[in-house]
Amino acid sequence: MFAGLNGKKVTGSAQVSGSDVTLSGFTSDEGPDLHVYLTNGTDEAAVSAGKQLGAVKFDKASQMFALSGVDAAGYTTVVIHCDKAKAVFGAAKLS
């Protein structure tokens, strides 16, 4: 389940299944340049070291991102990040 960070609101869930990451029931505060990342934390260093999966739409409840050769087992967190503002909007722990 997503939790908002840095004063931003993000809700919904993230699930890794096979070669995809799926966002369900997803909404986020609007941002100019939102992307979804696999990371090992929620700070800027973790985002920089993580793997960007693609641009995310703040108002589309169901979205899917291909892992394209990325081993999701090496990551602990799905992060919604505004690349333009260099700000983490929210994160979901993978279990």
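The structure displayed is predicted, hence computed values, not measured ones.
Taking SG from Cys82 and CD from Glu30, the interatomic distance works out to 10.5 Å, rounded to the nearest 0.5 Å. In this structure, the separation between CG on Leu38 and CD on Gln52 is 11.0 Å, given to the nearest 0.5 Å. Taking CG of Asn40 as the reference point, atom OG1 of Thr77 lies at 6.5 Å (rounded to 0.5 Å). Atom NZ in Lys86 sits 6.5 Å away from atom NE2 in His81 (nearest 0.5 Å). Once rounded to the nearest 0.5 Å, the distance linking OG of Ser24 with CE of Met64 reads 8.5 Å.
Residues Val10 and Ser28 approach most closely at CG2-OG, 3.7 Å, considering heavy atoms. Contact detail for Asp43 and Ala46: the closest heavy-atom pair is OD1-N, 2.8 Å. Closest approach of Asp20 and Ala66 over heavy atoms only: OD1-CA, 3.5 Å. Heavy-atom minimum distance, Asp29 versus Gly7: OD2-O, 4.2 Å. Here the shortest heavy-atom pairing between Met1 and Ser13 reads SD-CB, 3.7 Å.
Residue Val16 is not grouped with residue Val47 when hydrophobic side chains (ILVMFWY) are merged at heavy-atom distances under 4.5 angstrom, including chains of intermediate members. One hydrophobic cluster, built from ILVMFWY side chains closer than 4.5 Å, holds both Leu67 and Leu94. Follow the hydrophobic side-chain contacts under 4.5 Å out from Val78 and you reach Tyr75 in the same cluster. Linking Ile, Leu, Val, Met, Phe, Trp and Tyr whenever their side-chain heavy atoms come within less than 4.5 Å leaves Val21 and Val88 in two separate clusters.
Just one residue in the list Val79, Thr11, Leu23, Thr27 forms a side chain to side chain contact (heavy atoms under 4.5 Å, CB included) with Phe2, and that residue is Leu23. Of the residues Phe26, Tyr37, Phe58, the one that meets the side chain to side chain contact (heavy atoms under 4.5 Å, CB included) test with Ile80 is Phe26.
Between the Asp83 side chain and the Ala55 main chain, no donor and acceptor come within less than 3.5 Å of each other. In this structure, the side chain of Asn6 does not engage the main chain of Phe89 through any donor-acceptor pair within 3.5 Å. With Gln63 contributing its side chain and Val56 its backbone, the two residues share no donor-acceptor pair below 3.5 Å.
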Q: Please lay out, stage by stage, how His35 and Leu53 fare under the test side-chain contact (heavy atoms from CB on, under 4.5 Å).
A: CA-CA 7 Å; His35 290 84; Leu53 301 180; over 6 Å; no
